[in-house]
Amino acid sequence: MEAPVITVENLSSRFEDRLVLNNISLTIPPGKISVILGKSGCGKTTLLKHILGLYPLQEGEIKIMGASMSTLDEPSQKDLMLRMGVLFQNGALLNSLTVFENVAVPLVQHTSLPEELIEELVCLKLHLVGLDHAMHLYPPQLSGGMRKRAALARAIALDPPLLFCDEPSAGLDPVTMASLDNLIQMLNTQLEMTVVLVTHEVPSIRRLADFVVFLDEGKVLFQGTLTEALSSELPPIREFFYPPSPGE
Amino acid sequence: MMKKRGQPFQAPSRFSFELVDETLFLKHDLNLATVEQHLSKLTSLVQKYRRKRLVVNLKEVERLDSAGAISLQYLHEIAAKRGIQLTLVEIPNHLRKSVETFLLPEIRKQPPPETPSSMEKLAHASYQLFVVNIVEFIYLMADLFYWFVVDLFQRKAHRKGEFVLQAELIGINALPIIILISFLIGSVLALQSAQQLRLFGANIYIADLVVIALVREMGPLLTAIMVAGRSGSSIASEIATMVISEEVDALKTMALHPLRYIVVPKMHAAMVMLPILTMFANVFGILGGLVIAYLYLDLVPNIFLSRMIDVLYFRDILTGILKSLVFAGGIVITSSYLGFRARGGPEGVGRTTTQAVVVSIFLVILADSILGLIFY
């Protein structure tokens, strides 16, 4: 069995007096699409931000590709960050730059490629997310779905082996949601990217997930394959995948 | 440039190439890291290549990412410019999908949309300013004036305690800075005049100068400028944030008039608090002048005050108050007008706030000039 790409051990996280993550341990397998799911407020985004190093570790340890972020020196941390792409919940595009410039930022800042090649790479990424026509627009001029696709193009600008997506399909219509899912799947199969999704959109989970981590009230309730999750008898998981209809 | 640091998370990338006759053999990884290192060598190879046909053999390529694929396209373009026919052969099965995905023909940066000429921009800006903005501004002013009067008698239209809250924000919280600034301005005014007046032995006239300048002009103007900077910006940013976060739309869908609900309490509060702040500014400005007159011109406070009573007419105080009422209206109307026009996310809020301060101060000074001419 291949070594996990992410290992979380005994992680706990508090906001003031509230325990958001309670001694959780999990592993994310390489080359697969893993989904961290659970009800709103169960600690999914907090876990993601800890993995990304955006929240400092309070208790426990997180290893990404075998390296513990907290023990790395600054240049190594930067190198590790360059090997991860992140699609934030609201896109987090830089409003003062056009879509094209947004996608070009990581390439211009972190590579020494010639300008023409960067231009072609940006056009390719925008073509992949279906935004060729919007490259000169500014983020406030984009719809919610376009903003997420532009943010995805920026997240994959450096072809990172590890891609994190925080609620990629939240608030999108089913057609846009499906096309975004297809794109994530393509990145996983074509580029062998390990994808970590944080979501509670069941249609997306059913379409994409190879591996599932289910959080409930700050604890890992389940981790395993999607098939195992779908056949789980644990009440919170059953309720999640098979919600009772209003009459029940 | 990404450097290798030998960390465990870095899968080492290796790449080599070899030109045999008309065939260029690429080996191992063709990805961002190797492209960065070897692209210049490959480019130079193609540029120096003398034959008309170049076959790129990918048989031994193990990994190919988008940067690798685009670099092949880049080499293809360089070859085409030199009249060399470049073809890719023996693409391994596991790379076929990547090649199909990334080697798309004719993906080009689209030309930016045509920007209008300077004359077109000028005409558009003039139309926006003199037709659209002024008309909208007048509408908002009329609407606000209507609800301002109506809501004096219908307090139920607002949140309970809103007037007091706004009075505190616009008035009471601004008091310390207004007292300090007006005291300093009064002192400076007196100090600059003291030198000249002493030369003519006209020390006593310092009271005339300070009192009339402050009560008729400086007091209301200074207070209004400070309120424009402090509360005008706050009103504009609050309303702009509400517009951007759709709170204003939410109010409309709840059948609430945004202007009435958000702006009218601020207008009531500003109309009450600005004259009060102006009175404070006058008193502390005069106090500043009195202190300087006593310290530098040996003018005892009693004489200063009796001279002040002689020269200060009730009409002057009334003029100052009237001015402050006009300024209060101008600041609230301008800030809320700009706030309601905010577009474009958080950046729009910042832009609106800056505009509100600049336009409010400009309008305050413009109104002061007009009123100064009227009441001269």
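Computed over heavy atoms, backbone and side chain alike; hydrogens, waters and symmetry mates excluded. Protein chains get the first letters and strands the later ones, always in sequence-line order, with residue 1 at the start of each.
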Asker: With a 4.5 angstrom heavy-atom cut-off, is it the side chain or the backbone of A:K125 that approaches chain B, or both, or neither?
Answerer: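 Looking at A:K125, just its side chain touches chain B.
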Asker: Are A:K32 and A:D210 within salt-bridge range, i.e. N to O under 4.0 Å?
Answerer: no
Asker: Measuring heavy-atom distances to chain A, does B:L95 have an atom under 4.5 Å in its side chain, in its backbone, in both, or in neither?
Answerer: neither
Asker: Taking B:E62 first and then B:K27, would you say they form a salt bridge - that is, a charged N and a carboxylate O separated by under 4.0 Å?
Answerer: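 Not counted as a salt bridge, because no side-chain N and carboxylate O are separated by less than 4.0 Å.
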Asker: Looking at B:R341 and B:E136, does any basic side-chain N land under 4.0 Å from a carboxylate oxygen?
Answerer: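 Yes, this pair counts.
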Asker: Show the numbers, then the answer: is there a side-chain contact (heavy atoms from CB on, under 4.5 Å) between B:V35 and B:N31?
Answerer: CA-CA 6 Å; B:V35 167; B:N31 58 21; over 6 Å; no
Asker: Do you know which of B:G348, B:A67, B:A69, B:S71 has the most heavy-atom pairs with chain A at a distance under 4.5 angstrom?
Answerer: B:A67
